[in-house]
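Report on one structure; see the data block that follows.
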Amino acid sequence: MKRRKEHLVEKRDGRREFLRATKLARSIHLALFEIGVDEDWRAIELATVVLEGLRSRRVHAGGGEKPPAASVVLSTAEIADAVQHALVVTGQPAAAVCYGAVQAERSRRRGAVATLAPPAPHAGARGGAGRDSDPLGGRWAGEG
């Protein structure tokens, strides 16, 4: 599977990039693997079904005509909802729960990384105005 040029994905941080079906299939495979199903073809098939469903939903929402390629922007939340729905419909509700749990864990990690404050700049790191107030004399620890 390759990236879909007709779909753009808007990431949670606001970036937009082409939808990569292999990335979607990989995350579906991880959810299926968590419940003991180790079949790559099933994940690829479900990813294809989800993308076709999203495409047809966009066409029907647009009045029956196919929208221009650049105007189709999907959110990651919309894709996740469609994947969970497809997993439940195909008889894999436990995989849908695992998929949601993986997404929640990734969201938790993103939140934890976003709350880390960057280190304060060190005014006297290489000599200069802050040298007198620096207890190490303008040098980093271990810097001879």
Side-chain angles (χ1 to χ4, degrees), residues 1-126 128 130 133-144:
M1 297 171 90
K2 59 183 194 177
R3 67 182 178 173
R4 300 285 189 145
K5 293 181 181 177
E6 67 268 14
H7 290 304
L8 288 175
V9 177
E10 186 168 350
K11 301 291 187 173
R12 286 176 173 85
D13 62 358
R15 290 179 297 128
R16 287 185 179 180
E17 62 183 42
F18 288 114
L19 176 76
R20 289 186 284 170
T22 52
K23 199 172 180 181
L24 180 62
R26 188 178 332 127
S27 63
I28 293 171
H29 182 262
L30 284 174
L32 289 171
F33 187 74
E34 286 291 320
I35 64 165
V37 178
D38 191 16
E39 298 170 341
D40 294 338
W41 64 269
R42 188 176 304 238
I44 292 170
E45 193 172 288
L46 278 170
T48 303
V49 167
V50 166
L51 293 176
E52 290 297 324
L54 289 171
R55 183 181 301 122
S56 68
R57 186 185 310 168
R58 291 290 179 159
V59 169
H60 293 305
E65 58 189 49
K66 190 172 183 175
S71 69
V72 180
V73 179
L74 302 170
S75 68
T76 53
E78 185 178 7
I79 294 170
D81 288 342
V83 167
Q84 287 181 326
H85 178 74
L87 286 168
V88 169
V89 168
T90 57
Q92 304 289 341
V97 171
C98 287
Y99 186 85
V102 168
Q103 299 304 320
E105 175 65 19
R106 287 180 182 163
S107 183
R108 186 191 65 75
R109 284 186 194 163
R110 275 192 299 273
V113 169
T115 58
L116 291 176
H122 191 47
R126 294 283 177 199
S133 63
D134 188 8
L136 296 176
R139 299 182 183 192
W140 295 96
E143 186 180 84

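Below, each value reflects all heavy atoms present in this structure, side chains not excepted, and no hydrogens, waters or symmetry copies. Note that the coordinates shown come from a computational prediction; the quantities given were computed from them, not determined experimentally. Numbers here are sequence positions counted from 1.
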TODO: Using side chain to side chain contact (heavy atoms under 4.5 Å, CB included) as the criterion, list what pairs up with Ser107, not counting sequence neighbours.
DONE: Arg110

Open item on the list: Rounded to the nearest 0.5 Å, what separates atom CG in Leu19 from atom CG in Leu54?
Closed with: 8.5 Å

Task: Nearest atoms (heavy-atom pairs only) where Ala25 meets Ala43 - done: O-CB, 3.5 Å

Task: Non-neighbouring partners of Asp81 that pass side chain to side chain donor-acceptor pair (under 3.5 Å), sequence neighbours left out - done: none

Open item on the list: Tell me the closest heavy-atom pair linking Gln84 and Gly100, and the distance in Å.
Closed with: NE2-CA, 3.0 Å

Task: Distance, nearest 0.5 Å, that separates OG of Ser75 from CG of Leu8 - done: 12.5 Å

Open item on the list: Any carboxylate oxygen within less than 4.0 angstrom of a Lys/Arg side-chain nitrogen, looking at Lys11 and Asp13?
Closed with: no

Open item on the list: Show the nearest heavy-atom pair for residues Ala95 and Ala31, with the distance to one decimal.
Closed with: O-CB, 3.6 Å

- [ ] Mind running side-chain contact (heavy atoms from CB on, under 4.5 Å) on Leu87 and Val97 for me, showing each step along the way?
- [x] CA-CA 9 Å; Leu87 286 168; Val97 171; over 6 Å; no

Task: Beyond-backbone contact of Val9 with Phe18, side-chain heavy atoms, under 4.5 angstrom - done: no

TODO: For Ala86, check side chain to side chain contact (heavy atoms under 4.5 Å, CB included) against everything at least two apart and list the hits.
DONE: Leu46, Val50

Task: Under the salt bridge (charged side-chain N to carboxylate O under 4.0 Å, His left out) test, residues paired with Asp38 that sit two or more places apart - done: none

Open item on the list: So which atom in Ala96 and which in Val88 form the shortest heavy-atom distance, rounded to 0.1 Å?
Closed with: CB-CG2, 3.7 Å

Task: Non-neighbouring partners of Glu39 that pass salt bridge (charged side-chain N to carboxylate O under 4.0 Å, His left out), sequence neighbours left out - done: Arg42

Task: Set of residues satisfying salt bridge (charged side-chain N to carboxylate O under 4.0 Å, His left out) with respect to Arg108, sequence neighbours excluded - done: Glu105

TODO: Check side chain to side chain donor-acceptor pair (under 3.5 Å) between Thr76 and all other residues, then give those that pass, not counting sequence neighbours.
DONE: Arg12

- [ ] Find the distance between CG (Leu74) and CZ (Arg16) and round it off to the nearest 0.5 Å.
- [x] 10.5 Å

Open item on the list: Nearest 0.5 Å, please: how far is CD1 in Ile44 from OG1 in Thr48?
Closed with: 7.5 Å

